[in-house]
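Whatever order the structure lists ligands and atoms in, that order sets their numbers, starting from 1. Quick caveat: nothing in here was measured; it's all calculated off a predicted structure. As a basis for the values below, the full set of heavy atoms in this structure was taken, side chains included, without hydrogen atoms, waters or symmetry mates.
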Amino acid sequence: MLPKRLGLATPTMHGEELQYIQEAFDTNWIAPLGKNVDSFEAEMCAYLGTRGALAVSSCTAALHLAIKLCGLKPGEPVFCSDLTFSATVNPVSYEGGKQVLIDSEWDTWNMDPLALEKAFEKYPECRVVIVVNLYGTPAKLDKIREICDRHNAILIEDAAESLSSEYQGKKTGTFGRYNAISFNGNKIITSSGGGMLLSEDTSAVKKAFFWATQSKDPAPWYQHSEIGYNYRMSNVVAGIGRGQLLHLDEHRDRKVAIYERYKKGLEGLPLQMNPYTDDARPNHWLSCVILDEDCTVTPGDVIAALGQENIESRYIWKPMHMQPVFADCDFIQVADRSVGEEVFARGLCLPSDIKMTEEEQDYVISVIRGLFDK
Ligand SMILES: *Cc1c(COP(=O)(O)O)cnc(C)c1O
């Protein structure tokens with residue numbers, strides 16, 4: 001058993017974060033806004049190669065603003081990745097829309113372009129599509145964007161898990177008209193909590209800023225013509241984010257090395273690593289495996305065996321169409337058996353903390369191998 005608990009993915013701090021926070025204290029810019037927020041946005045835009053960014057309190061808030069920018073009518077369908085965390089799809093309900101859940105494909109575990117085409121046949125009026133890059137693996141973003149363009153639909157990219165991943169040489173978080181990233185505690189970089197809305201459309205980002213700061217009309221007194229939200233990121237939080245951004249590529253390289261080590265270490269067992277396409281460069285936020293169909297070991301067995309050794313691992317996100325809260329949502333699949341359901345039934349996430357030592361990872365691998373030697 002490991003002497004100290006090995007987590008799935010915990011924050012890794014470096015020290016620069018404190019310097020930026022100190023600066024906020026020194027200038028008394030503790031309250032919302034200030035230099036760290038503006039600089040964090042500008043630095044993220046430079047990193048991603050995009051024009052507009054709005055730092056907010058969470059990625060969920062960023063997704064909400066993205067959907068608000070689409071101006072949904074009550075009950076309007078929105079096509080959403082099915083195999084994801086609920087935060088990808090919840091904001092559709094905030095705006096009175098209706099999720100239509102799109103099954104995954106085997107190549108990436110992400111939204112299947114064929115299922116998306118099929119969904120447009122059934123709902124030709126659909127105007128908004130939300131795609132996620134699961135565990136840091138880019139979806140087939142070129143195909144998905146082409147399908148959206150052909151149907152005059154707005155693409156929203158949930159890049160919460162894929163910050164620093166690339167698809168066809170371009171960073172994820174830049175493929176949608178609106179894009180969202182997360183700095184939650186378990187993500188590849190963290191600000192302790194926070195997110196960003198990203199778009200090339202700077203006037204849309206301006207509108208989102210208006211909503212995110214209580215929809216204050218330009219008047220000498222507090223005047224409101226629209227409902228507002230308190231979604232802005234604080235200057236202290238942005239300071240942590242700025243310090244982390246300096247180490248983003250380093251974090252990605254560590255995550256990639258962890259994935260490659262698992263791949264090698266688990267070779268020969270009846271399982272596969274989570275897949276990606278040749279034109280993608282995933283950040284491998286979480287390394288995952290899927291057990292072979294005829295394998296008698298279950299994800300629950302692996303999770304329990306690792307748990308006994310003080311090692312955290314997790315089930316794959318339970319697909320949205322299997323969630324009680326979304327039971328009445330339509331689900332579009334092309335395969336006879338839902339790919340998302342199968343990945344959920346046979347897959348799991350392995351510890352991917354970048355502070356994990358090679359010895360610790362070898363131990364994880366040996367515990368997993370032990371389950372198959374019996
Ligand atoms: C973490 C996560 C979110 C939500 O991010 P928050 O910043 O915690 O709101 C959204 N989508 C996906 C896919 C996530 O993993």
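In terms of polar-atom proximity, defined here as any N/O pair under 3.5 Å, W317 makes no such contact with ligand 1. For ligand 1, the polar-atom distance check against T60 finds a nitrogen or oxygen pair separated by under 3.5 Å. Of the N or O atoms in C59, one or more lie within a sub-3.5 Å distance of an N or O in ligand 1.
From the protein, the heavy atom lying nearest to atom 2 (C) of ligand 1 is K187 NZ, 2.9 Å. The nearest heavy-atom contact from the protein to atom 15 (O) of ligand 1 is E161 OE2, 2.5 Å. Scanning the protein heavy atoms around atom 11 (N) of ligand 1, the nearest turns out to be D158 OD2, 2.7 Å.
A cation-pi geometry, defined here as NZ or CZ lying under 6.0 Å from the six-membered ring centre and within 45° of its normal, holds between K170 and F175.
Salt bridge annotation for R252-E250: absent, with no cationic side-chain nitrogen under 4.0 angstrom from a carboxylate oxygen. With respect to the salt-bridge test (charged N to carboxylate O, under 4.0 angstrom), the residues R127 and E76 qualify. A salt bridge links R261 to D362: one of the charged nitrogens lies within less than 4.0 Å of a carboxylate oxygen. Ion pairing between a basic and an acidic side chain is recognised when a charged N comes within 4.0 Å of a carboxylate O; E105 and K140 show such pairing.
Residue contacts with ligand 1 for A160 involve side-chain atoms from C-beta outward but no N, CA, C or O (heavy atoms, distance under 4.0 Å). Looking at L134 against ligand 1, nothing comes within 4.0 Å, counting heavy atoms.
For the pair L83 and I316, the tightest heavy-atom approach, listed with the atom from each and the gap, is CD1-CG2, 3.9 Å.
Remark: distances from the non-hydrogen atoms of G194 to ligand 1 include one below 4.0 Å.
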